[in-house]
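I have placed the structure first, in the form of C-alpha cells, so that the comments after it can refer back to it.
Each chain gets a letter, A, B and so on, in the order the sequences are listed, and its residues count up from 1. Excluded from the calculations below are hydrogen atoms, water molecules and symmetry mates; all remaining heavy atoms, backbone and side chain alike, are included.
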2 protein chains.
Amino acid sequence: MTRQGAIPIQYTNVTSLRVGAMDFGSDDTALNSFRRNVQRVPANKILLHDGEHNCKVIVVIEGWLATSKSSLNGEVQLIDFMLPGDIADPTSADGKTAGLNIEAVTGALVSVIPLAVWHRMLAESPRLARANEQVQAAERARLSERMLRLGRGSAESRIAYALIELCMRLRPLGLSDNCAFHLPLTQRHIGDFTGLTAVHVCRTLRRFVRNGLVETADHMDIRITNLATLSEIAGVEPERLAAEITPLPE
Amino acid sequence: MTRQGAIPIQYTNVTSLRVGAMDFGSDDTALNSFRRNVQRVPANKILLHDGEHNCKVIVVIEGWLATSKSSLNGEVQLIDFMLPGDIADPTSADGKTAGLNIEAVTGALVSVIPLAVWHRMLAESPRLARANEQVQAAERARLSERMLRLGRGSAESRIAYALIELCMRLRPLGLSDNCAFHLPLTQRHIGDFTGLTAVHVCRTLRRFVRNGLVETADHMDIRITNLATLSEIAGVEPERLAAEITPLPE
DNA sequence: CGGATTCTTGATTTCTCTCAACAGATGTGG
DNA sequence: CCACATCTGTTGAGAGAAATCAAGAATCCG
C-alpha cells in the first residue's frame, strides 16, 4: 500500500496492442479509444471494487492485474490474472454492478473504458468484438480448469497447474523463455490464487525444488526443469492447455 | 437414474423462450432458429465432450444441464448448472474446441446450435446478442462467487452457498416458492458441484437439518427454514446475490 | 423379487491450516 | 549510516477439517 495514482504520463504513447489474436495499430479507431482512456497505475492500486456501481471495462496494456473476490472475514480468492492484451469485464448480471475487485499486481498501463463507450466500441469494430470473444473464451477456459483443481486437486496439483498455466500464458508475450519466467508475485498471491495458505505454498514449492521439478531464484524467478512430471502432477497436457487458454496469433 | 426423464414428448412446440431479461416470441427469427435445432435429450446424456472439436452452443429450453470438467483419475467438478434460458458456450480460446463437458442432468429440451449459425444469429439479432451478454455476465458472476468458496470456504459454507444460489436462480423460473424447491440432484452431484465427497455432503446437510436451517423431504425437496443463518454461513446477502447472478426481467 | 444406486453413520487416516519462531530482505527516518 | 519496523519466506509442532474405508438401511428399477 503506498502513494497513489502519481506517476506522470510520459510514454503513455501506445502505438499498438495485441488483443487476442488481433493486432490493433495506429490506424484502428479502437486503439485511439484505448489511448484516450489510458492510465498508468502503481502496484497494489485497486481499480474497481466488487459491488461498485460505476462499472468499467479495463484493458491491460502493460503489467499484471488480478481480479478477485473476498469473503466477509477478509480472505481473498484471486479469480484470474490479467496480462497485456487481456480485458477485464467485471459486469454482473444487472449490467451495471461490478462482481469483482480489480487491482494492479505490478505497476501497469491500462485503458479504463466506461461500459457505454465499450459497447459502442464493440459495435463499431467487428475486429474488436471478435478479439473480445477470443479473450473471453480463453478466460472461461482458464476458470474452469482452475475450478477443477480448486474443487478436486491437491495442493501439489493446484500449484503445479498454476505454474504451468502462467508459463503458457507468458510464452506468447515473450516473457517465458524455455519454461523460465519471472512471477511478480509473493507466495501469498499464489496462495490466494490456488486457495492455499502462503505457508503451504512455501512448503509445496520447496518440495518441488527438492524433487528437481522446478528451480527458483531471487524473488520468484521460476524455471520448470521437469515439465513432464510437473504436468503429470497438474493433470494437464501443456500444449493442449496452451491452445485452450491463450488466444494464439493466427 | 429416475423419473424426471419422464417429461412426455408432446409440446416440442416451443412458442416462446425467455433468455436473460429478454422474451423471444414466435415473431422473433431467433426463436425460429432455436426451433429448427431443438432436441429432446434424456437424463444423463452427454451432449458434448471436453476437447471435442465439433463445438456447439447449447440453449436450454427446459430441464437442467450441467457443465463439467474431469481429471485424469475420473474425479468430476461441475462448473455450472444451466437452467432454462441459459446458454452453454463451451468454446475455448482456439474458437473451435470445447473446453467443457455438457450433460443433461434431467431430461431436457435444448437447442443445439453450430458455432457458425450461432454467430450469424448474434449478428442478425441485437436483442439476442444483448440477451447473450446478460446470460454470460450472470454466469461469470456465479463462477467467481463459487471459486471464492471452493478456494476459501468450509464445507458448510460451500453447501450453504450452493443451496442459496440454486434457490435464487429457481425463483425467477417459478420453481422456488418461498425458499422451497426441488433439486433433481443426488448428493453426489452436490459434491461434484462443491468439490466435496458425497459422504461429506450428507453429513453437512444433516447437520443443517438438525440445526433447523433447512428441511428436506423425499429426494431433494429442500426448504430453507432459516435463510438468515444459512446466508451468514454462506457469506452472502441473498438479495444482492440474486441481482448479481440472475438476469432479471426489466 | 433381486440388483443397483443412493443415503446414512461410525472409525480412522490424511492433508492442510494454525500457531509460532526466526532469518533475510526492504525500507524509513533520524 | 545505522536502528528499527515491516514484509516475506522458511521450518517445526500440533490441531482441525474432510477424505477414506466400511457396513448397513432405504430406495429405485427392471
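A straight line from CG of Leu205(B) to P of dT6(C) spans 16 Å, rounded to a whole angstrom. Gln187(A) places its CD atom 14 Å from the C1' atom of dA23(C), with the value rounded to the nearest Å. Following rounding to the nearest Å, Asp192(A) (CG) and dG9(D) (C1') show an atom-to-atom distance of 15 Å. As rounded to whole Å, 13 Å separates atom P of dA18(D) from atom CG of Leu150(B). Taking atom CD1 of Ile190(A) as the reference point, atom C1' of dT8(D) lies 12 Å away to the nearest angstrom. The distance between atom CG of Asp218(B) and atom C1' of dT6(C), rounded to the nearest whole Å, is 13 Å. If you take CZ of Phe208(B) and C1' of dC7(C), they are 17 Å apart, rounded to a whole angstrom. Atom NE2 in His219(B) sits roughly 18 Å away from atom P in dA25(D) (whole-Å rounding).
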CA sep, side-chain torsions, deciding dist, call: Arg140(B), Arg140(A), side chain to side chain contact (heavy atoms under 4.5 Å, CB included): CA-CA 8 Å; Arg140(B) 276 204 313 271; Arg140(A) 278 203 313 270; 5.8 Å; no
- prompt: Tell me, for nucleotides 9-21 of chain C in 5' to 3' order, what letter each nucleotide earns: B for a base near a protein heavy atom under 4.0 Å, S for only sugar-phosphate near one, - for neither?
  reply: BBB----SSB---
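Each of Ile58(B), Thr106(B), Val105(B) was compared with Leu65(B) under the side chain to side chain contact (heavy atoms under 4.5 Å, CB included) criterion, and only Ile58(B) meets it.
Using bins of under 30°, 30° to 60° and over 60° for the plane-to-plane angle, the ring pair Phe193(B)/Phe81(B) lands in the tilted bin.
Side-chain atoms of Leu150(B) and Gln77(B), non-hydrogen and from C-beta on, do get closer than 4.5 Å to each other.
Of the N and O atoms on the side chains of Thr197(A) and His200(A), not one donor lies less than 3.5 Å from an acceptor on the other residue.
With rounding to the nearest 0.5 angstrom, the CD atom of Gln187(A) is 9.5 Å from the OG1 atom of Thr204(A).
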